[in-house]
Visitor: 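Handing you a structure now.
Residue numbering restarts at 1 for every chain, and letters A, B, ... go by the order of the sequence lines.
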Amino acid sequence: MINESGRIISNLKIASNIWRLDIQLPQIVAKRPHPGQFVELLIDRSFAKPLRRPMSIAGYTADVLSIIYKTFGEATRILTTKIAGDFIDVIGPLGNYFELIEDDYSTPVLIAGGVGIPPILWLHQELNRQKQKHFLIIGARTKAEHFITPDNENTLLTTDDGSLGIKGTVIPVLKKIISNVVGTRIFACGPEPMLKSIQKIALATKQPAQLSIESHMACGVGLCQGCVIKRRNYQETEHSYQVKYVLVCSDGPVFKAGEIDFD
Amino acid sequence: MINESGRIISNLKIASNIWRLDIQLPQIVAKRPHPGQFVELLIDRSFAKPLRRPMSIAGYTADVLSIIYKTFGEATRILTTKIAGDFIDVIGPLGNYFELIEDDYSTPVLIAGGVGIPPILWLHQELNRQKQKHFLIIGARTKAEHFITPDNENTLLTTDDGSLGIKGTVIPVLKKIISNVVGTRIFACGPEPMLKSIQKIALATKQPAQLSIESHMACGVGLCQGCVIKRRNYQETEHSYQVKYVLVCSDGPVFKAGEIDFD
Amino acid sequence: MTNLTIKIGQTVFKNPVFVASGTFGYGTEINDLTDISALGAIITKSITLHPREGNPPPRTIETLGGMINSIGLANMGVDNYIRDMLPLYHQFPTKIIVNIAGSTMEEYLQVLKKFESVSSNITGYEINISCPNVKEGGMAFGVNADFTARLTEQLRSLTQRLLIVKLSPNVTDITQIGKAAQRAGADAVSAINTLVGMSIDSTTRKSNIYTTYGGLSGPAIKPVALACVHKLFLKLKIPVIGIGGITNVSDAIEFALAGAVAFQVGTANFRDPDIGRKIVYELDDYCTQNNLKYSDLKGQVIRYQ
Amino acid sequence: MTNLTIKIGQTVFKNPVFVASGTFGYGTEINDLTDISALGAIITKSITLHPREGNPPPRTIETLGGMINSIGLANMGVDNYIRDMLPLYHQFPTKIIVNIAGSTMEEYLQVLKKFESVSSNITGYEINISCPNVKEGGMAFGVNADFTARLTEQLRSLTQRLLIVKLSPNVTDITQIGKAAQRAGADAVSAINTLVGMSIDSTTRKSNIYTTYGGLSGPAIKPVALACVHKLFLKLKIPVIGIGGITNVSDAIEFALAGAVAFQVGTANFRDPDIGRKIVYELDDYCTQNNLKYSDLKGQVIRYQ
Ligand SMILES: Cc1cc2nc3c(=O)[nH]c(=O)nc-3n(C[C@H](O)[C@H](O)[C@H](O)COP(=O)(O)OP(=O)(O)OC[C@H]3O[C@@H](n4cnc5c(N)ncnc54)[C@H](O)[C@@H]3O)c2cc1C
Ligand SMILES: Cc1cc2nc3c(=O)[nH]c(=O)nc-3n(C[C@H](O)[C@H](O)[C@H](O)COP(=O)(O)OP(=O)(O)OC[C@H]3O[C@@H](n4cnc5c(N)ncnc54)[C@H](O)[C@@H]3O)c2cc1C
Ligand SMILES: Cc1cc2nc3c(=O)[nH]c(=O)nc-3n(C[C@H](O)[C@H](O)[C@H](O)COP(=O)(O)O)c2cc1C
Ligand SMILES: Cc1cc2nc3c(=O)[nH]c(=O)nc-3n(C[C@H](O)[C@H](O)[C@H](O)COP(=O)(O)O)c2cc1C
Ligand code: FES
Ligand code: FES
């Protein structure tokens with residue numbers, strides 16, 4: 001991991017509440033990050049918001065790294081005020097990534113929602129580049145939240161209210177694909193309830209699934225022990241350490257569906 | 001006093017570390033503030049710096065009020081980032097002001113230093129408008145700190161290092177004027193050590209003097225009781241309230257030299 | 001705004017938004033900048049038996065997300081207050097709660113007796129046993145459960161009016177002090193007063209506060225205040241009034257969820273003297289939109305364990 | 001950088017900039033982002049007799065100017081630590097102070113005994129008697145002067161190494177606990193650990209921390225920490241190590257002026273893991289420019305009274 005101060009190339013609103021930030025970060029990009037990895041941005045100059053903010057890498061070109069972010073609270077609001085030419089302090093690349101194990105039969109199914117969309121979109125681009133057939137399902141509550149246009153018939157958008165694409169959540173779409181396609185591998189990133197449902201289906205249908213999860217991170221680099229999630233099958237012992245819990249920032253953020261327990 | 005959200009007309013650097021801020025504040029201007037009065041600016045949107053900042057009014061035209069400020073710490077730094085079109089929340093006009101009692105003999109001597117310059121400059125302009133002969137003495141450590149050009153021979157600049165105008169502090173200049181002119185009235189605003197010396201001379205030579213003083217203000221409007229300064233001659237009693245101390249924000253910031261005690 | 005009414009003891013308040021002692025003067029200074037009739041109640045600054053000049057300056061300094069003050073209970077004293085201020089509260093548009101401080105038990109009692117001996121429409125008393133800024137400022141009571149109980153008991157015997165004991169966070173276990181106040185008959189407790197803090201100017205090397213230590217307030221202390229309120233809520237039967245770093249409607253909801261029946265806005269008044277009124281309106285919107293009363297939120301924080 | 005060396009007990013440190021327990025891992029995780037050889041010392045996260053998983057998530061939340069944590073002393077336990085970590089400290093470029101926590105006096109003693117029974121080049125121990133996040137986490141010791149004295153005495157009898165007792169601010173009078181530690185033979189005290197705090201999400205109404213309460217740290221608590229350090233400085237003869245909200249060289253100077261012989265950087269490491277090293281360099285510049293040693297500043301705050 002590298003701590004680098006990057007010059008902002010552009011910071012543009014690309015949809016309602018969604019912004020794309022391009023930062024020149026030659027050293028971090030030289031590490032050739034993978035989809036699923038993230039960076040930690042130092043956004044607030046004052047100490048009102050003392051902690052960095054984790055953001056998935058949405059891709060890179062030459063020496064420029066991209067982030068796609070949604071405005072939530074104060075830090076992301078401050079982020080929208082940064083302009084080309086400003087510098088921003090970034091630590092990365094952090095965490096593990098989606099493993100694209102080469103096999104000749106199973107079809108990747110990529111699923112994303114909310115702030116989980118950027119890394120999955122990047123993975124989608126990678127698979128396109130590799131000319132590997134795959135499905136991409138993106139869920140949202142309503143039309144306004146969608147900011148991509150499907151590039152082929154295997155990209156499926158859903159909205160809870162039916163205002164765009166298929167009405168409902170991503171789950172029925174996933175189920176249908178699993179039952180129509182022989183052998184799938186799932187790659188998902190999004191809100192916890194979505195990941196939980198995907199986990200359930202993946203385990204029930206025995207489809208391998210990699211889930212990228214979020215947790216509250218104070219440091220993002222393994223120092224604070226704050227970002228834990230429970231393992232799914234652990235040997236309960238009287239005294240243990242890192243048997244029951246794993247660190248999302250360092251052991252994740254990508255976990256196999258069988259590894260973790262959302263409850 | 002009025003709480004008004006004003007549109008910034010301009011915010012310009014006029015000397016090293018010195019900025020001039022013009023804000024459209026029709027309601028506050030309609031109160032026809034006087035030199036010596038101040039406003040309280042809400043500068044930091046976040047609560048990192050929760051308190052407003054007191055700033056003297058440097059003048060007004062039509063519905064635009066001016067401030068001249070020096071960058072010290074974080075709040076004044078944030079202030080420099082505001083641009084024309086931004087809005088800023090202002091409470092004012094606050095405090096009392098220099099009283100220009102009309103008399104036909106004494107000559108006003110205006111003295112300023114540091115962030116005390118803006119209200120004194122405004123007073124100077126008022127006296128010019130009234131075509132009243134007066135002296136203006138402005139002190140600084142060095143040339144770079146001066147940002148006005150004398151408009152006539154009664155405007156005297158001093159620098160501690162002699163890099164501009166008269167070498168030394170404002171004090172010898174004041175002493176000379178007092179001994180050459182029959183009857184002066186002093187109006188001063190600036191750092192405490194300067195005001196202290198002026199007070200001493202004024203009392204010793206029995207020249208009436210009005211001193212505008214600073215103190216740390218949490219509210220600026222009389223709520224917190226934080227901004228007190230000691231009175232000079234008070235009747236010490238066992239139990240008293242506002243006999244020993246006065247509020248700079250509400251009873252001041254302008255006090256007669258005989259009223260207050262800097263120690 | 002019926003969904004905002006709350007009850008403490010036998011007293012009904014039109015809403016839970018009070019302004020905290022020492023941060024709103026006597027409630028009569030600031031009419032230009034807000035509409036005090038919007039507020040649920042005004043807590044006066046602390047009133048003592050004798051007038052007090054307070055501490056020498058510097059008395060305040062800003063800190064990250066807050067401020068330190070050491071006003072030292074500057075106030076006009078109970079006699080002047082009764083003579084000059086009480087008449088102004090006649091037909092006042094909001095409830096007045098008089099905050100009382102003292103250096104001995106006797107002083108507290110005398111101040112309260114004086115108030116009780118005149119006719120007035122004050123609603124009740126908040127007893128400041130927790131001022132960190134004067135040696136004799138009640139801190140001795142505020143950190144000791146026995147003292148607190150004895151003082152409260154005596155005060156209780158002297159008044160039928162609302163009796164609120166204001167607690168200090170500068171103790172090992174605030175619930176012990178709260179329980180003592182409850183046992184002795186207080187109608188409610190309010191928490192928290194300021195935390196003991198210090199500030200130094202690294203350039204001049206001077207203390208930024210004359211008395212070296214002062215009281216830390218503002219958003220910086222909100223987490224401490226929420227913890228105190230929640231602990232008191234769990235341990236006490238009488239209502240808890242929340243204080244500490246409240247600046248907006250979301251803070252107001254957090255304090256309700258932690259267990260507060262009402263709350264006081266302090267330091268935020270210095271930034272915006274109209275903030276209390278604004279919170280009243282936003283809270284009303286919130287309650288209407290969510291179809292609930294403010295009091296429905298009391299203690300409803302969802303805990304994991 | 002000779003003007004930065006300081007001495008605690010018999011131990012000389014190359015500079016007063018330490019990193020605080022629980023905020024820098026074991027000192028071996030973060031080589032990519034800083035140069036640990038620049039630091040005066042690294043305090044390890046708390047080590048207990050048995051391995052501990054720590055508390056369920058959520059364990060951290062940001063607050064204004066700070067954060068709340070409730071890690072629950074997650075750590076590998078003393079045996080694993082001695083086996084896996086101690087060898088790494090062989091020829092380590094900076095001093096290691098092992099922080100020890102326990103739920104009974106016996107546990108503290110056993111952990112220390114185990115360390116003393118092996119050969120290692122650790123410099124000493126910081127005894128965490130003040131963790132607010134586990135029921136058995138030492139808070140019972142940290143708020144009680146007798147317990148503190150008894151525990152310190154026993155530990156003292158077991159080691160010649162530097163023995164530092166880390167104090168909690170969640171007490172009525174921190175100097176009482178500090179004095180007890182001094183009486184019982186501690187070489188120094190460090191202050192402060194975190195303040196008990198709470199945070200609620202007003203939208204979901206959920207507690208933001210699994211254990212409801214957690215420890216508040218960061219710049220927001222700096223004024224409280226400065227007051228504790230200064231009070232301890234006035235009342236104790238042994239050195240005080242300052243902790244709480246330190247983020248830059250100016251904070252470092254303030255803590256020295258308040259009476260600290262050295263200081264620890266905690267939460268600020270999460271924002272910038274290189275911050276300790278940066279402070280060392282800035283402090284060195286400051287001392288050179290002002291022609292003084294860091295230790296010259298100790299307790300030199302100019303007070304009004
Ligand atoms: C591994 C990872 C990757 C992420 N990738 C993206 C991304 O690509 N695009 C994007 O828009 N968002 C992403 N997020 C979420 C992003 O970090 C939060 O939206 C952001 O921190 C909100 O900050 P705020 O101050 O605007 O909002 P706040 O008001 O602080 O909080 C809004 C929400 O963000 C969460 N949050 C706040 N601080 C943190 C933190 N330090 N760690 C984790 N969550 C936090 C809060 O729990 C809350 O739910 C990612 C989070 C993680 C853990
Ligand atoms: C009545 C009055 C009129 C003033 N007029 C002007 C003016 O016309 N132009 C100008 O540049 N400055 C003026 N000042 C000073 C100005 O308020 C401070 O420079 C400003 O607050 C600095 O804020 P900061 O965050 O940038 O610096 P900080 O780092 O906060 O502090 C720098 C200096 O400003 C002082 N200061 C900070 N906050 C306050 C406060 N709330 N009240 C009083 N002093 C404070 C501090 O004591 C310190 O000496 C005036 C002050 C007063 C009391
Ligand atoms: C300047 C100032 C003066 C105060 N004076 C008093 C007082 O006289 N009596 C009292 O009980 N509390 C006093 N307080 C404490 C507040 O009432 C309140 O308990 C504390 O500030 C915490 O709330 P806040 O964070 O909203 O300010 C004072 C606080 C401040 C900032
Ligand atoms: C995430 C986190 C974990 C901590 N873990 C420990 C610990 O294991 N043992 C300990 O003595 N203190 C622990 N602390 C307290 C710090 O060492 C320090 O005393 C406190 O955070 C105040 O300093 P700061 O404001 O610089 O963070 C922890 C603090 C944080 C934020
Ligand atoms: S976020 Fe700090 S260890 Fe993972
Ligand atoms: S600044 Fe608050 S009373 Fe003057």
Visitor: Please classify the contact between C:Glu254 and chain D as side chain, backbone, both or neither, with a heavy-atom cut-off of under 4.5 Å.
Guide: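 Both backbone and side chain.
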
Visitor: Count the heavy atoms of every other residue, nucleotide or ligand shown that sit under 6.0 Å from NZ of D:Lys235, and state whether that count exceeds 12.
Guide: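 Not more than 12 within 6.0 Å, no.
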
Visitor: Where on C:Leu297 is there a heavy atom nearer than 4.5 Å to chain D: the side chain, the backbone, both, or neither?
Guide: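 Side chain of C:Leu297 only, per the 4.5 Å heavy-atom cut-off to chain D.
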
Visitor: Less than 4.5 Å to any heavy atom of chain D: does that hold for the side chain of C:Thr203, its backbone, both, or neither?
Guide: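 For C:Thr203, neither part sits under 4.5 Å from chain D.
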
Visitor: Heavy-atom distance under 4.5 Å to chain D: side chain of C:Ser250, backbone, both or neither?
Guide: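 Answer is both: backbone and side chain atoms of C:Ser250 are under 4.5 Å from chain D.
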
Visitor: Does any backbone or side-chain atom of C:Ile68 lie under 4.5 Å from a heavy atom of chain D? Answer side chain, backbone, both or neither.
Guide: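 C:Ile68 touches chain D through side-chain heavy atoms alone.
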
Visitor: Among C:Thr267, C:Val280, C:Asn269, C:Thr247, find the residue that satisfies the side chain to side chain contact (heavy atoms under 4.5 Å, CB included) test when tested with C:Ile275.
Guide: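 Testing C:Ile275 for a side chain to side chain contact (heavy atoms under 4.5 Å, CB included) against C:Thr267, C:Val280, C:Asn269, C:Thr247 leaves exactly one candidate, C:Asn269.
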
Visitor: Taking the side chain as every heavy atom from C-beta outward, state whether D:Phe270 and D:Thr60 have any pair of such atoms under 4.5 Å apart.
Guide: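 No - every pair of side-chain heavy atoms lies 4.5 Å or more apart.
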
Visitor: Measure C:Ala252 against the heavy atoms of chain D and call it side chain, backbone, both or neither at under 4.5 Å.
Guide: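 For C:Ala252, there is no contact with chain D at all, as no heavy atom is under 4.5 Å.
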
Visitor: Checking D:Ala256 against chain C: side chain, backbone, both or neither under 4.5 Å from a heavy atom?
Guide: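 No part of it gets close to chain C.
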
Visitor: Quick one: OG on D:Ser202 to CD1 on C:Ile253, what's the gap to the nearest 0.5 Å?
Guide: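 The distance works out to 5.0 Å.
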
Visitor: Could you check which of D:Ile209, D:Thr212, D:Asp173 has the highest count of heavy-atom pairs closer than 4.5 Å to chain C?
Guide: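 Ranked by contacts with chain C, first place is D:Thr212.
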
Visitor: Just wondering, are more than 12 heavy atoms of other shown residues or ligands nearer than 6.0 Å to NZ in C:Lys278?
Guide: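 It does: C:Lys278 NZ has more than 12 such atoms within range.
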
Visitor: I need the C:Ile246 CD1 to C:Lys222 NZ distance, nearest 0.5 Å.
Guide: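 Rounded to the nearest 0.5 Å, the CD1-NZ separation comes out at 8.5 Å.
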
Visitor: In terms of heavy-atom proximity below 4.5 Å to chain C, should D:Ile61 be classed as side chain, backbone, both, or neither?
Guide: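 Contact with chain C: none, neither part.
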
Visitor: Pairing donors with acceptors under 3.5 angstrom, does anything connect the side chains of D:Ser199 and D:Thr63?
Guide: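 The criterion, which ignores hydrogens and geometry beyond distance, is not satisfied for D:Thr63 and D:Ser199.
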
